[in-house]
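Please read all numbers here as calculations on a predicted model, not as lab measurements. Positions are given from 1 along the sequence.
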Amino acid sequence: MKDLEQYREWSQACVKCGACRATCPVFKSEHREGAVARGKIALAQAMMDGQLFAEERLVHELSQCLLCGSCTHLCPNQVPTSEIVAAARREVARKNGLSGFGKGVAALLTHKKVMDWMSKGSDLASKLLCRQIPNTSGLRLRFPVPGIPEERTFPKPSFKPFLKRELRQTVSRSAGPRVLFFTGCGINYIYPEIGEYLVRILNFMEIHVTLPDEQVCCGLPALSAGAGDAVDTLAKKNLKALKIHAFDYVLTACASCYGALAGIYPTLGTDYAPFAEKTRDIMDFLMDMGLAARLEALPRSADRVKVTYHDPCHLRNHGLTRPPRQLISALPQVDYVEMADAATCCGLGGTFSVHHYETSQEIGNQKAKHVAQSGAQIVATACPGCIIQLQDSLNRQKIPARAVHLLELVSQALPVK
């Protein structure tokens, strides 16, 4: 990862035209110059010039960025604002130390056994501290806990992580492409069923899949918190866990994990380049393997459900917007509808939603309204974090729609064996 000073030329390429104001989700909510890309570029330049550093207001302004990359797409000079903001956060942490929250994130993510233990503990605690909203949703409303709003809904943690499940022993041993599945924390600890859908689909496609035991968090939450050392530690552990296997591709079913492995890891050293080049988003991979044609050949259901799609930022930023829509449109039990602003950020932004929940939810509420206006009963996406944010927003707006991973719909469409 680059130091802040290495972005000086990029920061000077910002001509302060204000095009970023039209696309920044935080600016649309806050309407403050410090919240928009050109404002943050100005702050980063001041840091590089030694004019200000680590003042409380500066740290606050730097925290008010989703790192979604929306601004870069409209920028005439393609200034990578999210990279610059992330580098500025790391610079603050390097000189002043991580915040208490940042230290907690770094310590948790770098200790897998602790995360396994916390998953079990959270599952048990949820039975005591939470209630289901609604009774059939599987989502929970937490009673007052410091730092987390009472009204926030979130999925029940899994008592048994995906990588601890017996299903992992039922992988295909065919002569097709050999793939490694990088699960990520969201799938491993919160939505293990997504991993089960993926294995079922790959078995249907007769593709050999291996689930590396020692893989850990991709590190993107640590990057958001400014914990650069933790990102480096996690990347090294993942490199060690993956390189002992023979494979043709590394598959991700989490947009954030794809953004880390394919985008962040190559900046950490040449050892990561071969893995980044072989990292594939599962939807993109399945399209190349011809799954859409096989789905289209299935009988169309008479009772179809209306589905729309939300683009996770880390797939949109890599141009992966068509494959998910092609798969949805091929599903025999689905009628696909496009919603307004499908490619705008949902407002999660990793640690952003913790520090700025009200702003995060304002952004999420707008996304929920677009889902409602589309008439869709289901909003599909390809990121566990987006699922959490979308469902929370839908619940708060009392919109009777469900947020799911696209793999769930694909798995439902497959013939029963």
Side-chain angles (χ1 to χ4, degrees), residues 1-49 51-52 58 60-91 220 223-224 255-256 258-260 262-264 266-267 276 281 284 309-325 338-350 352 356 359-360 362-363 366-367 370 386:
M1 291 178 288
K2 295 179 181 178
D3 293 332
L4 181 59
E5 180 61 35
Q6 292 176 279
Y7 286 101
R8 182 177 289 276
E9 287 189 18
W10 273 117
S11 69
Q12 293 171 345
C14 174
V15 295
K16 309 298 189 293
C17 66
C20 48
R21 292 161 62 104
T23 187
C24 176
V26 180
F27 179 78
K28 289 179 181 179
S29 175
E30 296 290 314
H31 302 291
R32 295 184 303 99
E33 189 64 24
V36 79
R38 68 178 181 182
K40 289 184 170 59
I41 294 294
L43 291 173
Q45 289 174 325
M47 287 178 64
M48 285 184 272
D49 293 338
Q51 295 176 3
L52 75 161
L58 168 66
H60 175 77
E61 296 291 4
L62 290 177
S63 74
Q64 284 205 311
C65 179
L66 289 157
L67 304 182
C68 68
S70 299
C71 50
T72 301
H73 290 274
L74 280 186
C75 177
N77 291 332
Q78 297 291 287
V79 177
T81 302
S82 59
E83 293 181 28
I84 296 172
V85 171
R89 291 179 184 176
R90 292 194 299 275
E91 185 69 7
L220 210 64
L223 181 75
S224 177
S256 297
Y258 180 84
I264 303 301
T267 70
D281 168 64
D284 188 39
Y309 180 72
H310 161 72
D311 290 283
C313 297
H314 292 289
L315 292 188
R316 180 205 64 213
N317 291 342
H318 285 84
L320 295 173
T321 58
R322 290 188 61 192
R325 288 171 169 81
E338 184 77 10
M339 69 172 168
D341 292 334
T344 60
C345 182
C346 66
L348 182 73
F352 179 90
H356 308 288
T359 302
S360 172
E362 280 186 37
I363 298 168
Q366 189 60 43
K367 177 68 71 168
H370 291 323
C386 292

Spatial distance of atom [atom1] ([X]) from atom [atom2] ([Y]) [nearest 0.5 Å]:
| X | Y | atom1 | atom2 | answer |
| --- | --- | --- | --- | --- |
| L4 | E91 | CG | CD | 6.0 Å |
| H73 | C68 | NE2 | SG | 8.5 Å |
| D284 | L315 | CG | CG | 9.0 Å |
| Q45 | S11 | CD | OG | 4.0 Å |
| I84 | L43 | CD1 | CG | 12.0 Å |
| H314 | S82 | NE2 | OG | 8.0 Å |

Given 3.5 Å as the limit, does a donor-acceptor pair link the side chain of [X] with the main chain of [Y], or not?
| X | Y | value |
| --- | --- | --- |
| K367 | A342 | yes |
| K28 | I363 | no |
| S360 | G347 | yes |
| R325 | E338 | no |

Is any side-chain heavy atom of [X] less than 4.5 Å from a side-chain heavy atom of [Y]?
| X | Y | result |
| --- | --- | --- |
| R89 | S224 | yes |
| D341 | Q366 | no |
| H310 | T344 | no |
| P25 | L66 | yes |
| M48 | D3 | no |

Taking all non-hydrogen atoms of both residues, which atom of [X] and which atom of [Y] are closest, and how far apart?
| X | Y | result |
| --- | --- | --- |
| C24 | A35 | SG-O, 3.5 Å |
| I41 | V79 | CD1-CG1, 3.9 Å |
| A22 | L74 | CB-CD1, 4.3 Å |
| C65 | V85 | CB-CG1, 4.0 Å |
| T321 | R316 | CG2-CA, 4.1 Å |
| Y309 | D311 | CE2-OD1, 3.3 Å |

Q: Might you work through the side chain to side chain contact (heavy atoms under 4.5 Å, CB included) test for H356 and H60, ending with a clear yes or no?
A: CA-CA 10 Å; H356 308 288; H60 175 77; 3.6 Å; yes

(Q) Between E33 and R38 (salt bridge meaning N to carboxylate O under 4.0 Å), is one present in this structure? (A) yes

Q. Hey, are T267 and K2 close enough side-chain-wise for a donor-acceptor pair under 3.5 Å?
A. no

Q | Full working for side chain to side chain contact (heavy atoms under 4.5 Å, CB included) between T359 and F352 | A | CA-CA 9 Å; T359 302; F352 179 90; 3.9 Å; yes

Q: Dump the intermediate steps for side chain to side chain contact (heavy atoms under 4.5 Å, CB included) on D281 and H318, then the final yes or no.
A: CA-CA 10 Å; D281 168 64; H318 285 84; over 6 Å; no

Q. How are the rings of H31 and F27 set to each other: parallel, tilted or perpendicular (split at 30° and 60°)?
A. perpendicular

Q: For atom CZ of R322, decide whether the heavy atoms of other residues, nucleotides or ligands shown that lie under 6.0 angstrom number more than 12.
A: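 Open.
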
